[in-house]
Amino acid sequence: MPLRFYNTLTQELEEFHPLDGKTARIYTCGPTVYNFAHIGNFRAFTFEDILRRWLRYRGWGLKHAMNVTDVDDKIIANAAKQGKTIEEYTANYTKAFFEDAASLRLETPEYVVKATAHIPAMVSAIEELAAKGCTYSSEGSTYFQIAAFPGYGKLSHNDFSGIRSGARVDVDEYEKGDARDFVLWKAHKENEPYWDSPFGKGRPGWHIECSAMAMQYLGETLDIHAGGVDLIFPHHENEIAQSESITAKPFSRFWLHSEHLHIESQKMSKSLGNFYTLRDLLDMGHSPEAIRYLLASVPYRKKLNFTFEGLKAAAKSIERLRDFEARVSGTKLPAGRVEEAAERSREAIRQFEEGMDDDLNTAEALAAVFEYVRAMNTALDEGRFEEENRWDAARVLEVFDCVFDVLKPSGAESVRQGAESGEAAALTEAEIEAYVDERAQAKKARNFARADEIRGMLLDKGIVLEDTKERVRWKRK
RNA sequence: GGCGCGGUAGCCAAGUGGUAAGGCAGAGGUCUGCAAAACCUUUAUUCGGCGGUUCGAUCCCGCCCCGCGCCUCCA
């Protein structure tokens, strides 16, 4: 089965190929840098990361642009409150965002584009719209007139034909001609940053930045445009109206939207006290891999119930895979290759691919990996797994990890957490090995008191020993 | 009201017109000096409720109940 995505525009599962047959051109709505990004934001960004990785796995090139909205009402208000310029204010949160993204192992898009660095492109987009008669101005602001775009509503599947034009509705402190019209250029107000333009001093509306930048970097028709479900209307609808009014071509062939997440079955909100930024969770001692795993393990179109029990389960699931990886690489095996085990690895990869191809069904893909792991653990127990099968297992885990990317322990974070939570990071590998050897000697001499003492001491330092038939393995807890 | 999504074991969560993947937790076992860790086995006669279509429905249709999202802040 080919790679298929659910397209919000057509409400159908559609086979995906890039328009040019080689490179997928993707635009995703990035952060508005007025605060630290929360775990809900990262659900969407993790989905987009999985999307990137799977497209690449399927052999397509990637040209992915993501905007950083660094001028908007909240930014202006917050910056003013702190007595900072918007540049100073947003620089902090932009930096924080990419630090967070890195700890979740989110790949950086090929183009990260800041709104404030693309004002001229937005101005010329608005000029083109004006030239086509799609705009009007009111009290110094310029608006897009949705009556000028017949397809308005096709993405959100809303019928706006009944909207009365001419009704004046006061919204967002600006006057519009029609309830659904939206602002392209906001009139300058006292003490606010502004740019000069042919239609007066002011600043861009939110929607135009995405249209202008997407087309500048990726061309008139994108392959994929993605974001959270809440952006379907009005943001993405408005992007379509702007872009297609300019080009008369489809703005994006595929529209993919990720569902929101809930915290402990409740909507995340500050008043409920269940509002978590990524940094909050890391400070609580949760590993970035566990968070990434949890965010990625629920298929993106399904609401994700983010719970602390689920976070623990995610951490345990990763541990199971790492244990398997360690077992395979650390076990002495006879030369040869058991065909049954080899066949199971091919089957696992096939099922993994099938799941991912089916609109990024990560739950199904994960099941393929775990079924394989269980089968191979049994095969190892029963001696039906030989030297060459190591490579089969490595391949399965490699395929899994090029999408999920959770097998390698995080470096800086885990060291930092270890240092905070105790002395776990204090022992070097050589020291641990020395203790393990000493304990083995003590056991041989049937000095169990000393052996247990060492075991307990290591456990206190977060080192867990595994006595197996062949040898003693250890791992950091 | 309009548009849309969902209700599957203690929790998270796949799935198919022919009788329920996977993970976590729980229980049992293997291993072990004891333990831990690891590994294995096991856990839904049943898929919100009631009807209908069908030889057969969790999966199709209708109605109902419950939860959620969007309908000019928002991943």
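Residue numbers start from 1 in every chain, and the chains themselves are labelled A, B, ... in the order their sequence lines are given, proteins ahead of strands. Here the structure is a predicted model, which is why all the values come from computation and not from measurement.
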Quiz item: Just checking A:Leu380: base, sugar-phosphate only, or nothing, at a heavy-atom cut-off of under 4.0 Å?
Solution: nothing
Quiz item: How about A:Arg322 and A:Glu289: do any of their side-chain heavy atoms sit closer than 4.5 Å?
Solution: yes
With the criterion being N/O to N/O and under 3.5 Å, what pairs connect the protein with nucleotides 40-42 of chain B, and how long is each?
residue	atom	partner	partner atom	Å
B:rC40	OP1	A:Arg374	O	3.4
B:rC40	OP2	A:Arg320	NH1	3.2

Quiz item: In whole angstroms, how far is the C1' atom of B:rC12 from the CG atom of A:Leu295?
Solution: 13 Å
Quiz item: Looking at B:rA14, B:rC73, B:rA38, which one has an atom nearest to any side-chain atom of A:Lys302?
Solution: B:rA14
Quiz item: What's the shortest heavy-atom distance between A:Thr362 and A:Pro299, and which atoms?
Solution: OG1-N, 3.6 Å
Self-check item: Heavy-atom protein contacts under 4.0 Å, nucleotides 27-33 of chain B, coded B base, S sugar-phosphate only, - none
Solution: ------B
Quiz item: With A:His257, which residues qualify under ring pair (Phe, Tyr, Trp, His ring centres under 6.0 Å), at least two apart?
Solution: A:His236
Quiz prompt | Rounded P spacing from B:rC59 to B:rG49 in Å | solution = 10 Å
Quiz item: Taking the P atom of each, how far is B:rA25 from B:rC11, in whole Å?
Solution: 16 Å
Exercise. Name the nucleic acid region contacted by A:Ser156, choosing base, sugar-phosphate or nothing; use a 4.0 angstrom heavy-atom cut-off, strictly under.
Key: sugar-phosphate
Self-check item: B:rU8 and B:rG4, which share atom name P, separated by this distance in whole Å
Solution: 23 Å
Quiz item: Who pairs with A:Lys475 by salt bridge (Lys or Arg N to Asp or Glu O under 4.0 Å), at least two apart in sequence or on another chain?
Solution: A:Glu319, A:Asp323, A:Glu466
Exercise. Specify the separation, in whole Å, of atom CD of A:Glu237 and atom P of B:rC3.
Key: 15 Å
Self-check item: Rounded distance (nearest 0.5 Å) linking atom CE of A:Met122 with atom CD1 of A:Ile208
Solution: 8.0 Å
Quiz prompt | Intermediate values then yes/no, ring-ring contact (aromatic ring centres under 6.0 Å, His included), A:Phe47 and A:Phe42 | solution = CA-CA 8 Å; A:Phe47 145 65; A:Phe42 282 111; over 10 Å; no
Quiz item: What string of B, S and - do you get for nucleotides 66-71 of chain B, 5' to 3', when a contact is any protein heavy atom under 4.0 Å?
Solution: -BBSSS
Quiz prompt | Whole-Å P distance, B:rU46 and B:rA20 | solution = 11 Å
Quiz prompt | salt bridge (Lys or Arg N to Asp or Glu O under 4.0 Å) partners of residues 144-157 of chain A, not counting sequence neighbours, each pair once | solution = A:Lys154-A:Glu244
Quiz item: What is the distance, rounded to the nearest whole Å, between atom OH of A:Tyr34 and atom P of B:rC73?
Solution: 12 Å
Quiz item: Toward the 5' end of RNA chain B, which comes first, A:Gln11 or A:Asp323, by nearest nucleotide?
Solution: A:Gln11
Quiz item: So A:His225 and A:Phe251, ring-ring contact (aromatic ring centres under 6.0 Å, His included) or not? Walk me through it.
Solution: CA-CA 9 Å; A:His225 193 128; A:Phe251 180 43; 5.7 Å; yes
Exercise. Answer with base, sugar-phosphate or nothing: what part of the nucleic acid does A:Gly227 contact at a heavy-atom distance below 4.0 Å?
Key: sugar-phosphate
Quiz prompt | A:Phe275 CZ - B:rC74 P separation (whole Å) | solution = 14 Å
Quiz prompt | Gap between atom OH of A:Tyr300 and atom CG of A:Leu295 - 0.5 Å precision | solution = 16.0 Å
Quiz item: What interatomic distance, in whole Å, is found between P of B:rU16 and the corresponding atom of B:rG7?
Solution: 13 Å
Quiz item: Counting any heavy atom closer than 4.0 Å, what does A:Gln266 reach on the DNA or RNA strands: base, sugar-phosphate only, or nothing?
Solution: nothing
Quiz item: Over how many whole Å does the gap from A:Glu239 atom CD to B:rU72 atom P extend?
Solution: 18 Å
Exercise. Return the value, rounded to whole Å, for the distance between atom NZ of A:Lys154 and atom C1' of B:rG2.
Key: 21 Å
Exercise. Could you list the residues that satisfy side chain to side chain contact (heavy atoms under 4.5 Å, CB included) with A:Arg301, not counting sequence neighbours?
Key: A:Tyr6, A:Asp359
Practice problem: Sequence neighbours left out, what passes salt bridge (Lys or Arg N to Asp or Glu O under 4.0 Å) with A:Asp100? Give chain and number order. | Solution: A:Arg279
Quiz prompt | Atom pair CD/OG of A:Glu48 and A:Ser258 - distance to nearest 0.5 Å | solution = 6.0 Å
Quiz item: Above 12 or not: heavy atoms from other molecules or residues under 6.0 Å from CZ of A:Arg344?
Solution: no
Self-check item: Residues in contact with RNA chain B, drawn from residues 355-366 of chain A - heavy-atom cutoff 4.0 Å
Solution: A:Asn361, A:Ala363, A:Glu364
Quiz prompt | Residues that A:Glu14 engages under salt bridge (Lys or Arg N to Asp or Glu O under 4.0 Å), provided they are two or more places apart | solution = none
Quiz item: On a whole-Å scale, what distance lies between the C1' atoms belonging to B:rC61 and B:rC68?
Solution: 24 Å
Exercise. Identify whether any heavy atom of A:Pro299 sits under 4.0 Å from a base atom; if not, whether one sits that close to sugar-phosphate; answer base, sugar-phosphate or nothing.
Key: sugar-phosphate
Practice problem: Using the test salt bridge (Lys or Arg N to Asp or Glu O under 4.0 Å), find all partners of A:Glu382 that sit at least two apart in sequence or belong to another chain. | Solution: A:Arg384
Exercise. Figure out the CZ/P separation between A:Phe324 and B:rG23, and round it to whole Å.
Key: 13 Å
Quiz item: Got more than 12 heavy atoms from elsewhere within 6.0 Å of OH, A:Tyr34?
Solution: no
Quiz item: In whole Å, what separates the P atom of B:rC47 from that of B:rU19?
Solution: 16 Å
Quiz prompt | d(OH, A:Tyr300; C1', B:rA75) in whole Å | solution = 14 Å
Practice problem: Whenever both distances are under 3.5 Å in a Watson-Crick or G-U wobble pair, mark it; put RNA chain B into dot-bracket that way, with [ ] for crossing pairs and | when the partner is on another strand. | Solution: (((((((..(((.....[...))).(((((.......))))).....(((((..]....))))))))))))....
Quiz item: Within the structure shown, what part of the strands sits under 4.0 Å from A:His38 by heavy-atom distance: base, sugar-phosphate, or nothing?
Solution: base
Quiz prompt | 5' priority, RNA chain B, between A:Gly30 and A:Ala368 [closest heavy atom] | solution = A:Ala368
Quiz item: So with a 6.0 Å cut-off around OH of A:Tyr435, is the heavy-atom count from everything else above 12?
Solution: no
Quiz item: Base, sugar-phosphate, or nothing: which does A:Glu48 touch, judged by heavy atoms less than 4.0 Å apart?
Solution: nothing
Quiz item: When you check the gap from the basic side-chain N to the acidic O, do A:Arg439 and A:Asp467 get nearer than 4.0 Å?
Solution: yes
Self-check item: C1' spacing across the pair B:rA13 / B:rC24, given as an integer number of angstrom
Solution: 11 Å
Quiz item: Hey, would you say the A:Tyr89 and A:Tyr93 ring centroids sit under 6.0 Å apart?
Solution: yes
Practice problem: Pick base, sugar-phosphate or nothing for A:Glu371, based on heavy-atom distances below 4.0 Å to the nucleic acid. | Solution: sugar-phosphate
